[in-house]
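Both counts, for ligands and for their atoms, begin at 1 and track the order of listing.
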Amino acid sequence: MNQAPLQIIDSHTEGEPTRVVISGAPDLGCGTMAEKSKRLRENHDWLRSAVCNEPRGHDAMVGAVICEPAEPDCVCGVIFFNNHSTLNMCIHGTIGLVVTLAHIGKISTGTHRIDTPVGVVVATLHEDGSVEVANVPSYRKQAGVAVEVPGHGIVRGDIAWGGNWFFLIDNQGPRVEFRNLEALMDFTRLVRQELEKQGVTGDDGAEIDHVEVFGPPGDPALADSRNFVLCPGKAYDRSPCGTGVSAKLACLHADGKLSPGEIWKQAGILDTVFSGRVEALTDGPVVPVVTGRAWVNGESSYLFNPSDPFRNGIPSPA
Ligand code: PYC
């Protein structure tokens with residue numbers, strides 16, 4: 001069967017790429033965004049692989065497909081995915097999506113509701129080009145969970161939901177610096193393996209598929225902290241990871257270290273910064289609001305030649 005070309009817009013958010021499929025994607029049917037995400041995973045995985053895997057993609061690539069929202073008043077629905085599978089939520093990707101929608105003339109500055117598999121997020125495109133995203137309610141599930149990590153002893157971290165499940169580690173393992181990238185990858189992959197082995201999960205047995213390590217900022221005038229985030233698919237986030245920042249904000253608030261409206265500046269491993277604050281609900285979850293910048297840097301048409309064995313990407317090894 002001949003596949004129609006995909007129309008693609010590329011951007012990056014503080015260093016982390018987002019590749020939005022703006023046309024040519026299969027119809028994901030009706031229902032909730034979670035149901036559409038499941039349909040994408042089960043019936044159309046070629047789309048994810050064609051967009052994120054080599055030869056067109058690479059490990060850091062996050063793809064996004066725009067679809068009809070299930071919730072009213074949303075400008076669109078979106079499903080994010082990477083080299084491994086679909087993602088629950090992605091804030092850097094939402095920031096990339098917003099500048100992409102503005103680039104193609106679908107939105108202008110102002111506030112826009114966007115439907116995702118984990119709920120509606122509210123994005124504001126500002127005049128200066130920055131994008132603020134009010135995320136889904138986020139919370140800490142457990143503080144100071146001890147995990148035995150070979151070669152590192154007991155590592156303690158918090159389990160928190162910020163649209164994805166995170167294990168957040170403060171000042172343990174390799175120093176959070178770009179030159180320690182390999183060591184940080186090794187450390188966080190080991191932690192992730194041990195979480196799985198030791199049965200440490202999010203709510204309802206959900207896999208904790210992001211591990212986030214915090215250290216001091218490079219420049220305290222620019223950020224409060226620097227992080228390193230391991231994402232599913234053995235990739236690290238080049239940006240400060242918006243869902244990870246959301247999880248951090250929820251933990252800071254739970255510890256009484258961040259009041260509603262107070263600003264937390266989170267640098268990522270490249271020292272680019274997301275600015276965050278929480279809006280308080282009553283006791284329990286908070287609404288994290290994360291602001292960052294993205295730049296459109298490419299427009300493409302992806303062609304599917306039936307004789308090309310890798311037209312749908314090179315599958316990841318099992
Ligand atoms: O910004 O939320 C984020 C994110 C998740 C995975 C990669 N980036």
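Looking at ligand 1, you'll find an N or O of Ile91 within less than 3.5 Å of one of its N or O atoms. For ligand 1, the polar-atom distance check against Asn164 finds no nitrogen or oxygen pair separated by under 3.5 Å. Taking any N or O of Leu87, backbone or side chain, none lies under 3.5 Å from an N or O belonging to ligand 1. The shortest N or O to N or O distance between Asp237 and ligand 1 is below 3.5 Å. Here's the thing with His92: one of its N/O atoms is less than 3.5 angstrom from an N/O atom of ligand 1.
Each of the following atoms of ligand 1 lies closer than 4.0 Å to a heavy atom of Gly242: 1 (O), 2 (O), 3 (C).
Side-chain N/O atoms of His92 and Thr18 include a donor and acceptor closer than 3.5 Å. In this structure, a donor-acceptor pair under 3.5 Å is present between the side chains of Gln266 and Trp264. When only modelled atom types and interatomic distance are considered, Asn164 and Thr243 share a side-chain donor-acceptor pair under 3.5 Å.
Salt bridge Arg19/Asp10: present, at least one basic N to carboxylate O contact under 4.0 Å.
Relative ring orientation between His210 and Phe166 is described as tilted, the plane-to-plane angle lying within the 30° to 60° band.
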